[in-house]
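Reading through the structure tokens given below for one structure.
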Amino acid sequence: MKKILLSGLIVAALSASAFNALAETAPKTVTIGFQKANIFALLKYRGTLDSDFKKQGIAVKWVEFPAGPQMLEGLNVGSIDLAATGDAPPTFAQAAQADLVYLAHSPANPKTEAIVVPENSAIKTVADLKGKRVALNKGSDVNYLLVSALEKAGLSYKDVKAVYLPPADARAAFQRGAVDAWVIWDPYYAEVETNAKARLLKNAEGLVPHYTFYLASRKFAETYPQTAKGVIDQLGTLSDWANKNPDEAARILSASTGLPQPIWQRAIARMPFGAERMTPEVFKEQQALADKFTQIGLLPVKVNVSSATWSLDKK
């Protein structure tokens with residue numbers, strides 16, 4: 001009887017030890033970087049992640065950033081644990097030795113970025129951009145779109161006069177005719193279509209896939225893999241909801257950004273939400289972007305994108 005009792009106590013002690021070990025694998029706080037116009041903003045304002053993590057004893061801290069590069073700098077220095085950006089910023093972060101990992105990605109959404117021109121512009125094709133002033137955000141996803149579109153039209157990046165401006169300044173330059181074309185993404189694209197009657201010259205269809213990537217610092221993802229996976233699972237659930245309730249998603253993002261709801265409805269109509277685990281093919285596409293940026297001198301060094309594979313994906 002004493003042996004049975006002792007055995008039971010040992011099992012109970014081991015179970016308690018195992019439980020405590022599991023409990024220690026969860027952080028007290030997870031800090032997430034977001035931009036007003038991206039999917040993490042939608043997740044923040046819906047509150048589902050905060051509610052779910054609160055039950056697990058995890059607090060969620062949200063930190064707003066103006067753009068992807070600044071967000072990934074925050075990831076690199078440890079001020080945030082997770083982030084969501086477009087295709088280009090992670091490659092620049094890797095070039096700067098940021099120790100990040102790709103957790104997942106959105107479905108390809110090439111219709112959400114485009115080269116636009118004024119409604120009455122004489123520019124009718126990408127080839128007509130030769131010698132013209134083209135506004136864009138340097139090192140952004142649309143930089144890759146412009147390079148790819150020019151090459152397909154038989155031109156090089158040097159054949160246009162790139163005018164590097166952030167979206168707000170580029171919008172003003174486009175409005176007053178200081179540039180001949182603008183390469184931009186949603187929701188700015190939807191806004192300039194709606195309010196300035198901008199004409200689509202070429203979107204990314206058939207040129208580049210264009211993803212949103214969900215990223216984490218390697219330290220966080222390796223230390224708290226289940227928490228990182230929990231965020232991705234929440235993004236998947238949120239995406240299913242947003243795809244089925246686009247008007248409500250547009251209302252939330254309108255409140256977040258200050259842009260009218262109809263503009264967001266226009267953007268969301270071409271913006272499939274989702275959270276899919278990384279694949280060799282997506283890494284290959286991302287490597288092509290990095291190699292192209294190195295080739296044209298935007299990246300100072302060659303980047304090995306797959307070095308940012310999450311260990312959970314290697315198993």
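All figures in this text were calculated on a predicted structure; none of them were measured in a lab.
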Inset, instruction - Take I115 and L136 through the side chain to side chain contact (heavy atoms under 4.5 Å, CB included) test and state the conclusion after the steps. - result: CA-CA 9 Å; I115 304 169; L136 70 153; over 6 Å; no
Legend entry - Residue list, salt bridge (Lys or Arg N to Asp or Glu O under 4.0 Å) with R251, at least two apart or on another chain: E248
Inset, instruction - Using the test side chain to side chain contact (heavy atoms under 4.5 Å, CB included), find all partners of A170 that sit at least two apart in sequence or belong to another chain. - result: A135, L165, W182
Legend entry - ring-ring contact (aromatic ring centres under 6.0 Å, His included) partners for Y214, two or more places apart: none
Inset, instruction - Please list, chain by chain and in numerical order, all residues satisfying side-chain hydrogen bond (donor to acceptor under 3.5 Å, both in side chains) with D247, sequence neighbours excluded. - result: Q265
Enumerate donor-acceptor pairs with a distance under 3.5 Å from any side-chain N or O in residues 232-239 to protein atoms, sequence neighbours excluded.
residue : atom : partner : partner atom : Å
D233    : OD2  : K229    : NZ           : 3.1
Q234    : OE1  : T48     : OG1          : 3.3
T237    : OG1  : D233    : O            : 3.2
S239    : OG   : L235    : O            : 2.7
S239    : OG   : G274    : N            : 3.0

Legend entry - All pairs passing salt bridge (charged side-chain N to carboxylate O under 4.0 Å, His left out) where residues 96-125 contributes a residue, at least two apart: D99-R218
N/O donor to acceptor pairs below 3.5 angstrom from side-chain atoms of residues 35-45, sequence neighbours left out:
residue : atom : partner : partner atom : Å
N38     : OD1  : F40     : N            : 3.1
N38     : OD1  : A41     : N            : 3.4
N38     : ND2  : A84     : O            : 3.2

Inset, instruction - List for me each residue that meets side chain to side chain contact (heavy atoms under 4.5 Å, CB included) alongside A308, sequence neighbours excluded, and say none if there are none. - result: Q94, L100, Y102
Legend entry - side-chain hydrogen bond (donor to acceptor under 3.5 Å, both in side chains) involving T125 - partner list, sequence neighbours excluded: D128
Legend entry - Under the side-chain hydrogen bond (donor to acceptor under 3.5 Å, both in side chains) test, residues paired with D186 that sit two or more places apart: R270
Legend entry - Under the side-chain hydrogen bond (donor to acceptor under 3.5 Å, both in side chains) test, residues paired with N245 that sit two or more places apart: none
Inset, instruction - Enumerate the residue pairs fulfilling salt bridge (charged side-chain N to carboxylate O under 4.0 Å, His left out) with a member in residues 151-168, sequence neighbours excluded, ordered by first and then second residue. - result: E151-K292
